[in-house]
Each structure stands twice: as structure tokens, then as C-alpha cells.
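For reference, the structure discussed in these notes is given below.
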Amino acid sequence: MKERHELAILRNISIRNRLLLTFLLTSFVPLILISILSFKLYTKTMEEKISASAIQLLSLVNVNMITELEKYQYLCGSFCTNETIQDALLVDNMTSGEKNKVVRNIQELVRNQIIYPAQAKNITIYDQNGAIFYDLGFDGFYDADKEKILSDIGVQAPNDSWSYVKTYRRRNIITLGRRILDGYSDTKVLGYTVISIDEKLFSETVLTPVNLEEGSNILFMKPDGTVLSSWDRTVDLGITYQNQELINQLQKNYPKKSGSFTMKSEQDSQLITFSYNKNFNLYFVSIIPFSYINSETDTVVRQLIMVALPLLLFCTIITLIIYLSISKPISKMIAHCNQISSGNFKERIEDQHRDELSFLSVNFDNMVEKVEELLYEQKADEKKKRELEMQMLQYQINPHFLFNTLNSLRLVAAMNQDHVVSDGITALANLLKNVLVDKHEYITIREEIENLKNYFAIQGIRYAGNFQVSYEVEESLMSCAVPKLILQPLAENSITHGTTESGLIMDIKVRCVREEEHIRLEISDNGKGFDLASVNQKSIGGIGIPNVNDRIQLNFGNEYGLYITSEPGKGTVCSITLPKVQPTPEKPEGRLTLDQGKGGTGNVSDTIGG
């Protein structure tokens with residue numbers, strides 16, 4: 001059976017490397033994968049928990065911010081809804097006296113009726129043309145900043161507008177702006193109220209109490225990315241935040257109330273959480289670097305390493321022990337193989353354990369013992385062979401002496417004109433020559449018929465006048481090959497068991513005919529015959545006839561063989577079925593070879609004499 005390709009590849013790798021590979025695949029690699037997976041899961045869990053915590057923190061900051069900003073919104077609303085201010089802004093050409101009267105009323109309003117927040121640094125009222133109608137006078141803006149603030153108020157209307165500016169005194173100010181509308185019309189703009197809030201309200205009062213790790217930050221910013229305040233004082237205020245990706249993500253999530261996302265950078269990835277205040281249209285954004293999140297996992301990694309190293313050491317020791325339990329017996333067997341290849345069959349492995357390697361070792365020892373016995377027997381056989389060869393050399397002269405003696409007797413019989421004896425001796429000499437000298441197993445049908453004629457000639461001397469022989473052989477079959485001496489036992493059976501004492505001459509007929517791709521050889525007689533039912537066919541003719549059948553089936557298969565039919569008083573028919581085998585010349589000295597396929601015609605593969 002062909003070995004699978006995967007197994008064949010493994011068999012090209014040494015057992016040591018296979019065990020090492022098994023150790024890596026079953027111990028080291030799974031342990032590393034589990035550690036990495038644990039690290040990933042723990043980091044993800046930490047990220048989710050920190051994200052949830054950051055959102056909760058921003059919600060609390062948002063609540064605090066709402067509490068503070070509502071004071072300023074109330075202050076701003078008090079000015080925008082004051083009827084005195086609205087009436088004054090409706091007058092186009094107000095005299096100085098009338099304007100001063102309105103200003104005194106506003107100051108009285110500020111002193112007596114309005115709760116003035118601590119971080120409100122200035123209150124400015126502009127008319128619809130952008131001219132200052134009222135100002136507390138604590139600090140002021142540059143014209144460009146004023147134009148930007150009034151423009152933002154118009155854009156954000158009807159919502160409040162938030163902007164960042166620097167005053168003349170370089171203070172960081174966040175402005176709250178709102179339109180002043182006519183009390184009888186919701187669309188007519190009379191002017192603008194701008195509350196200047198110190199940025200410290202956010203950075204110190206709201207954000208500073210929040211404890212953040214290094215690299216973290218909380219931003220107070222507008223949806224367009226303008227930073228109004230920052231926990232990290234190194235961040236520039238009043239301009240668009242430097243990380244455009246953060247702004248894009250916020251705008252993508254707008255107007256989602258809260259959420260989180262991951263932002264990657266060259267230095268470190270960051271976890272961004274945000275909380276959106278719809279009433280103020282402002283964002284609180286928390287930035288937490290993953291280095292801080294992952295720092296919490298360092299302890300877990302160290303603990304994993306502390307657990308993994310002993311496990312790896314333990315697995316290594318177990319693998320080494322198992323490796324030695326496998327490699328040592330194999331090395332011992334290899335060493336004994338080398339000794340055996342050098343001719344030393346005395347050593348034994350003698351492994352008394354109970355595993356498969358011990359089983360192989362025991363069988364290996366048994367095999368060595370068997371090989372040693374076979375070698376001993378081979379040496380004994382070689383010695384006996386040499387003795388037989390010597391005897392063959394000694395008796396090689398015997399056949400030649402026999403043939404010379406028979407020729408001498410034939411010449412004497414011929415000189416005495418005893419033709420019967422002369423023909424008998426000639427036939428015997430030819431038959432003995434084919435039997436003793438010609439060692440080939442296969443001969444042609446022509447040669448087999450010649451041997452049969454010689455045999456009948458010899459038996460004709462003994463059974464003179466008791467039988468006569470006729471031949472019916474197709475000439476085209478005379479060159480076909482058959483096993484030698486398969487017809488002689490059948491002829492002997494006809495003569496010995498077929499002749500009668502009545503004095504009648506028995507007819508023996510020898511036939512050779514073609515049947516499709518087979519050959520049928522038949523010897524029939526009209527002798528006394530016998531009852532097949534009362535006779536064991538294997539005992540017919542002694543050992544000669546069963547030997548013929550066994551030789552045919554051994555060479556050509558069980559579908560061929562010898563078949564005997566007989567009937568008392570009518571004679572016996574012995575029929576042999578063989579494949580049609582054509583001999584093909586192969587060697588220049590005239591020898592032929594038989595190349596026989598089972599059940600069909602073929603060529604002679606054993607050499608036969610010509």
C-alpha cells in the first residue's frame with residue numbers, strides 16, 4: 001500500500017526533530033496563543049471598562065458644567081428680556097441724557113436684581129449695528145474678535161453662541177452671546193448681549209478636580225473643533241484642535257449623546273470618549289492613551305510569564321523523558337543492525353519492557369536467531385552441495401557408459417540380424433537420452449510424440465502383438481511447447497491396465513487437436529476399461545498420472561489438467577487440456593523460451609531442446 005504523502009514527508013524527518021516539532025505544536029505554540037488571546041481579551045475588557053468609566057466621568061463633568069453655565073445663561077437672559085434695554089435699543093437717535101439714564105437703570109439692575117456669577121468678567125450690550133450700547137468696562141475685545149463673536153451669535157441663533165477670545169489684558173475668555181429681540185416680534189433683532197466668562201471656570205473649577213493620568217486630557221470644544229478649554233494647558237485654545245481625525249470622528253457621530261472610538265497615531269493609539277450637550281451645542285472629549293490602558297495589563301503579562309515558564313520547563317522535561325524512552329531503544333536497535341551488517345550475529349538487544357519498541361526488539365532478536373540458523377543451514381547445504389557436485393563428477397561417466405553399452409548391444413543385434421532387439425535398444429537409448437541428458441522442462445509436441453513412439457517401441461517387445469498405435473496430430477501444433485513426459489504415463493496406463501487375456505489386439509489412438517486457443521492431447525484405447533465410480537482417480541496409474549495433472553495445474557492454472565473417462569468393456573480415454581504455447585527463438589544456439597500467460601497462449605519461458 002502506498003504511503004500517504006503527508007506521512008512520507010514526516011518520515012524524512014528524524015524522530016528527534018519530530019518530537020521537538022510535536023512539543024512546539026502541542027505545548028509552546030498553544031501556550032503562546034493562549035497568552036496572546038488572554039492579553040487581547042484583558043486589554044479589550046480594560047478598554048471597555050475605561051471607556052464606560054470615562055463616559056460616566058464626562059457625564060458628571062457635564063452636569064457640573066450645566067450647573068455653572070445656567071447661572072450665566074440666566075444672567076444673559078435677564079439683559080435680553082429687560083424692557084428698559086429693549087425700549088432704549090428701539091430709539092435711533094438717543095440723547096446723551098437719555099442714554100445715561102438707561103445706563104444707570106442697567107447698573108441698578110446689576111446691583112440689586114441679578115445674581116452676578118464670580119467668573120463673569122464683563123457684560124457688553126451691542127446695538128443691531130454692532131456698536132457698544134453698554135459695557136461694564138472691566139476689559140474689552142479687539143474689533144476682529146468682536147466681529148467674529150457677533151457673527152457666531154447670528155449663525156447659532158436661536159441657540160446661545162460660545163466663543164473663545166483674548167482680551168486687551170490677555171485674559172482667556174469664553175463668551176456667551178445671545179440676540180436681544182423686540183418684545184413684540186420674535187424676528188426683529190434689537191441688539192446683542194455678550195457675557196465674558198473667565199476660562200478658569202472650566203480649567204480650574206470644572207476640569208482641574210478630575211484626576212487624569214499622564215498623557216490623558218479632557219477637552220471642552222465646539223462641534224467645529226474649536227477648543228474652548230483644556231485640562232492639558234499645553235493645548236492651544238481658541239483654534240481648531242490639531243488632530244483632524246478626532247474632529248472628523250466627532251462630526252461623524254454627531255448628534256450622538258455619548259460614545260467612544262479608537263484613534264491611532266504614530267506615537268500611541270488613543271481611546272476617545274465624548275459627551276455631547278445638546279442645549280449648549282458643546283462637546284466634552286476625553287483622551288486616554290492606550291499606553292495607560294496597557295500598563296494595567298503588564299502585571300497580567302508578568303503573571304502569565306511566571307506561570308508559562310514553569311509549564312514550559314515541565315513540558316520540556318516530560319518531552320525529553322519521552323524522547324529518551326523512544327530514542328534509546330531505537331539507537332540500540334540501530335547499533336545492533338550495524339553489528340549484524342558487519343557479520344556479528346551473537347549479540348542480542350534483550351529488551352524486557354512492554355511497549356511497541358520492546359515488541360520490535362524481541363522480534364528483531366528472533367529474526368537474528370532465525371537468520372543465524374538459516375546461515376548455518378546454508379553453510380551445511382553448501383557443504384552438501386559440494387559433496388553432491390563431487391559425486392556428480394564421479395558418476396558423470398555413467399550415462400555415456402550406458403549409451404555406449406546400448407549402442408554396442410544394438411550393433412551386435414544388428415549383426416545377428418535380430419531387428420526386434422536392435423529396434424528396442426535404439427528406442428531405449430533415445431528415450432534414456434531425452435530423460436537423462438536433456439534437462440529442459442518443456443519440449444515441443446513433436447519431441448513428445450517421438451518419446452512416446454520410443455516408449456511404445458520398447459513396450460512392443462514385451463507385449464508383442466497385444467496392441468497397435470495410431471497417431472492423429474495436426475501438423476500446425478507440432479511446434480507448440482508442452483511439459484516433458486506428460487504422455488508416457490498415460491500410454492503406460494493404457495498398456496498395463498487396458499490389455500486383455502482374450503488375445504484381441506488393443507487399439508491405442510494418440511490425438512492432438514486445437515480447441516479455440518487451447519490444445520487437447522488425448523490417448524484412448526478400446527481395452528477392458530474400469531468403473532470410475534469404484535476407483536479413486538488419484539490412485540489410477542500409481543504416482544505417474546496424478547503427477548501429470550499436478551504439473552499441468554502448477555504451470556498453467558487449475559482450469560487446465562488431466563481428465564479420465566472409462567467404461568468397463570469399452571476402454572479408457574485420457575485427455576489433457578493445455579494452453580496453446582508457441583516457442584520463440586531467443587538464443588543463437590537454438591534454445592527456445594516460454595513466456596506463458598495464465599489461461600491463454602504465450603511463449604516458452606523455460607529453455608527447451610530443439
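Put simply, NZ on K528 and CE on M506 are 10.0 Å apart, with the number rounded to the nearest 0.5 Å. Between K252 atom NZ and Q249 atom CD the span is 5.5 Å, to the nearest 0.5 Å. Summarising the geometry, atom CD belonging to E515 is positioned 8.5 Å from atom NE2 belonging to H518; distances are rounded to the nearest 0.5 Å. Residue L271 holds its CG atom at 5.5 Å from OG of S260, rounded to the nearest 0.5 Å. In this structure, CG in L477 is found 7.0 Å from NZ in K580, a value given to the nearest 0.5 Å. Residue D365 holds its CG atom at 11.0 Å from CG of L360, rounded to the nearest 0.5 Å.
A salt bridge links E472 with R511: at least one charged nitrogen is closer than 4.0 Å to a carboxylate oxygen.
E448 places a side-chain N or O within 3.5 Å of a backbone atom of L487 that can act as its donor or acceptor partner. With N493 contributing its side chain and P489 its backbone, the two residues share no donor-acceptor pair below 3.5 Å. Proximity of a side-chain donor or acceptor of S53 to a complementary backbone N or O of K49 within less than 3.5 Å is not detected. A distance-only check finds no donor-acceptor pair linking the side chain of D507 to the backbone of N526 [under 3.5 Å]. Although no hydrogens or angles enter the test, the distance criterion places no donor-acceptor pair under 3.5 Å between the side chain of R514 and the main chain of R520.
The aromatic rings of F456 and F467 lie tilted to each other, with the angle between the two planes from 30° to 60°.
Taking all atoms of both residues into account, the shortest heavy-atom contact from C480 to S476 is SG-O, 4.5 Å. Shortest non-hydrogen contact noted between Y560 and Q553 is O-CG, 3.1 Å. Here the closest non-hydrogen pair linking R551 and K484 is NH2-O, 2.6 Å. Nearest heavy atom pair, residue L452 against residue A491, reads CD1-CB, 3.5 Å.
Side-chain contact check for E474 versus V513: some heavy-atom pair is nearer than 4.5 Å. Between K509 and Y471, every side-chain heavy-atom pair lies at or beyond the 4.5 Å cut-off. For the pair L521/T577, no side-chain contact is recorded, criterion being any heavy-atom separation below 4.5 Å from C-beta on. Between P568 and F530 the shortest side-chain heavy-atom distance does not fall below 4.5 Å. Within the 4.5 Å cutoff, no side-chain heavy atoms of K370 are placed close to those of N366. Counting heavy atoms from C-beta on, the side chains of I495 and I508 come closer than 4.5 Å. At a threshold of 4.5 Å between non-hydrogen side-chain atoms, the residues M263 and S269 do not count as touching. Within the 4.5 Å cutoff, the side chain of I564 has heavy atoms near those of the L562 side chain.
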The test is side-chain contact (heavy atoms from CB on, under 4.5 Å); show your working for I519 and C512 and say whether it passes. CA-CA 7 Å; I519 298 174; C512 180; 3.8 Å; yes
Quick one, E372 with Y376, criterion side-chain hydrogen bond (donor to acceptor under 3.5 Å, both in side chains). Give me CA distance, side-chain angles, the key distance, then yes/no. CA-CA 6 Å; E372 188 176 15; Y376 178 79; over 6 Å; no
Residues V573, I523; criterion side-chain contact (heavy atoms from CB on, under 4.5 Å); working and verdict: CA-CA 6 Å; V573 178; I523 296 181; over 6 Å; no
Check the pair M478 / T444 against side-chain contact (heavy atoms from CB on, under 4.5 Å), numbers first and verdict last. CA-CA 7 Å; M478 294 294 281; T444 62; over 6 Å; no
Test log, rule side-chain contact (heavy atoms from CB on, under 4.5 Å), inputs I486 and L578: CA-CA 11 Å; I486 60 172; L578 294 172; 3.9 Å; yes
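Checking T572 against S566 by side-chain atom types alone, a donor-acceptor pair falls below 3.5 Å. In this model, no donor atom of one side chain and acceptor atom of the other lie less than 3.5 Å apart for N549 and Y563. For the 3.5 Å distance criterion, the side chains of E492 and Q488 qualify, holding a donor opposite an acceptor.
By the 6.0 Å contact criterion, CZ on F359 is open, its count of non-hydrogen atoms from other residues, nucleotides or ligands being 12 or less.
Under the salt bridge (charged side-chain N to carboxylate O under 4.0 Å, His left out) criterion, E48 pairs with no residue at all, not counting sequence neighbours.
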